[in-house]
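Accompanying notes for the structure given below.
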Amino acid sequence: MTPALNLLKKVGATHRIHSYEHDPKAASYGLEAAEKLDLEPVRVFKTLLAASEKGELLVAVVPVVGSLDLKALAHAACVKKVDMAPVDAAQRATGYLVGGISPLGQKKRLRTFIDSSARNFPTIYVSAGRRGLEVELNAETLAEHTQAQFADIGR
């Protein structure tokens, strides 16, 4: 069990766990999950960390088929500018390794933003906290348990 799955179990949130054999040579962890689990890639979301100009870490949950719009995230977070966070800072703050960062059960509570497109589907898939492990849940459930806001942050 990962901290993400422990959190969902603790709060009694409806979710399903999906696992697959992770290939360390995969170019994209998210697209690998979609392919190996035979999922629509638009329903698989990746968790990225960005840092504001003041050093605040922000969590962005966006579809794996697109990219994070840094200007849109800065606007949603009411900060001047954001850049992608350094890998070591992301891993230290979340307690997860890159490629397996879940928006759920992170070590530190960080402001979280979910791309609005997540609301278009009955369920979405996000990392469950380990490479090769995805959790399927409703976007509203994810927002509730990460205290996230929805915003148009993906491209």
Side-chain angles (χ1 to χ4, degrees), residues 1-19 28-34 37 39-52 54-85 89-155:
M1 283 296 216
T2 65
L5 296 177
N6 288 339
L7 170 68
L8 291 172
K9 186 176 179 182
K10 178 181 171 187
V11 299
T14 301
H15 66 284
R16 288 184 51 207
I17 302 166
H18 302 269
S19 63
S28 165
Y29 299 115
L31 291 175
E32 177 194 27
L37 295 172
L39 305 172
E40 296 174 81
V42 294
R43 291 180 59 197
V44 180
F45 285 68
K46 57 189 169 186
T47 306
L48 303 173
L49 269 80
S52 75
K54 293 180 180 175
E56 177 191 9
L57 291 178
L58 303 167
V59 177
V61 182
V62 296
V64 299
V65 292
S67 60
L68 173 61
D69 183 333
L70 293 171
K71 285 184 181 181
L73 177 61
H75 178 74
C78 299
V79 298
K80 289 181 183 175
K81 182 181 178 197
V82 298
D83 289 304
M84 294 306 297
Q91 292 182 158
R92 200 171 36 253
T94 63
Y96 295 116
L97 295 176
V98 167
I101 294 179
S102 177
L104 296 154
Q106 296 181 355
K107 279 173 52 176
K108 292 183 181 175
R109 172 80 62 182
L110 302 173
R111 285 200 295 156
T112 301
F113 300 86
I114 303 170
D115 186 65
S116 299
S117 67
R119 289 179 154 163
N120 297 337
F121 309 105
T123 59
I124 61 169
Y125 301 81
V126 296
S127 175
R130 189 172 54 228
R131 296 171 188 161
L133 197 62
E134 295 285 306
V135 62
E136 176 184 3
L137 72 171
N138 178 278
E140 299 293 338
T141 300
L142 177 61
E144 177 185 350
H145 297 295
T146 56
Q147 297 178 341
Q149 344 177 176
F150 288 96
D152 294 328
I153 58 170
R155 298 188 225 171

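Just so you know, these numbers come straight off a predicted model, no measurement behind them.
- For Ser117, the side chain to side chain donor-acceptor pair (under 3.5 Å) partners two or more places apart in sequence, or in a different chain, are Asp115.
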Steps toward side-chain contact (heavy atoms from CB on, under 4.5 Å) verdict (Thr2, Val135): CA-CA 11 Å; Thr2 65; Val135 62; over 6 Å; no
Stepwise side-chain contact (heavy atoms from CB on, under 4.5 Å) test for Val126 and Leu137: CA-CA 8 Å; Val126 296; Leu137 72 171; 4.0 Å; yes
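- Using a 4.5 Å heavy-atom cutoff, the side chains of Pro103 and Leu142 are in contact.
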Would you mind writing out the side-chain donor-acceptor pairs for residues 64-72 within the sub-3.5 Å range, not counting sequence neighbours?
residue : atom : partner : partner atom : Å
Asp69   : OD1  : Lys71   : N            : 3.1
Asp69   : OD1  : Ala72   : N            : 3.0

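- Among all heavy-atom pairs drawn from Phe45 and Val61, the shortest one is CB-CG1, 3.7 Å.
- Expressed to the nearest 0.5 Å, how far CD of Gln149 lies from CD of Gln147 amounts to 11.0 Å.
- In this structure, Ser127 and Ser102 approach most closely via the heavy-atom pair O-OG, 2.8 Å.
- The two residues His145 and Ala13 come nearest to each other via the heavy atoms NE2-CB, 4.1 Å.
- Put simply, NZ on Lys107 and OH on Tyr96 are 11.0 Å apart, with the number rounded to the nearest 0.5 Å.
- In plain terms, the two heavy atoms of His15 and Lys9 that are nearest each other are CE1-N, 4.3 Å.
- Looking at every heavy atom in both residues, Gln91 comes nearest to Val98 through OE1-N, 2.9 Å.
- Contact between Ala139 and Ile114 at its shortest, heavy atoms only, is O-CD1, 4.3 Å.
- Rounded to the nearest 0.5 angstrom, Asp83 CG and Leu73 CG are separated by 10.5 Å.
- The shortest distance between side-chain heavy atoms of Leu49 and Thr94 falls below 4.5 Å.
- At least one side-chain heavy atom of Ile153 sits less than 4.5 Å from a side-chain heavy atom of Val62.
- Residues Leu58 and Leu110 form no side-chain contact, since every pair of their non-hydrogen atoms from C-beta on lies 4.5 Å or further apart.
- Within the 4.5 Å cutoff, no side-chain heavy atoms of Ser19 are placed close to those of Glu134.
- Expressed to the nearest 0.5 Å, how far OG1 of Thr112 lies from CG of Leu57 amounts to 11.0 Å.
- Using a distance-only test at 3.5 Å, with no hydrogens or angles considered, a donor-acceptor pair links the side chain of Asn138 to the main chain of Pro122.
- The environment of His75 atom NE2 is sparse: at most 12 non-hydrogen atoms of other residues, nucleotides or ligands sit within 6.0 angstrom.
- Between Gln106 and Ile101 there is a side-chain heavy-atom pair separated by less than 4.5 Å.
- In this structure, Tyr125 contributes its side chain and Ala33 its backbone to no donor-acceptor pair below 3.5 Å.
- Taking the side chain as every heavy atom from C-beta outward, Phe150 and Glu140 approach each other to under 4.5 Å.
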Residue pair Glu136, Arg43: steps toward the side-chain contact (heavy atoms from CB on, under 4.5 Å) verdict: CA-CA 9 Å; Glu136 176 184 3; Arg43 291 180 59 197; 3.9 Å; yes
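- At least one side-chain heavy atom of Asp152 sits less than 4.5 Å from a side-chain heavy atom of Ser116.
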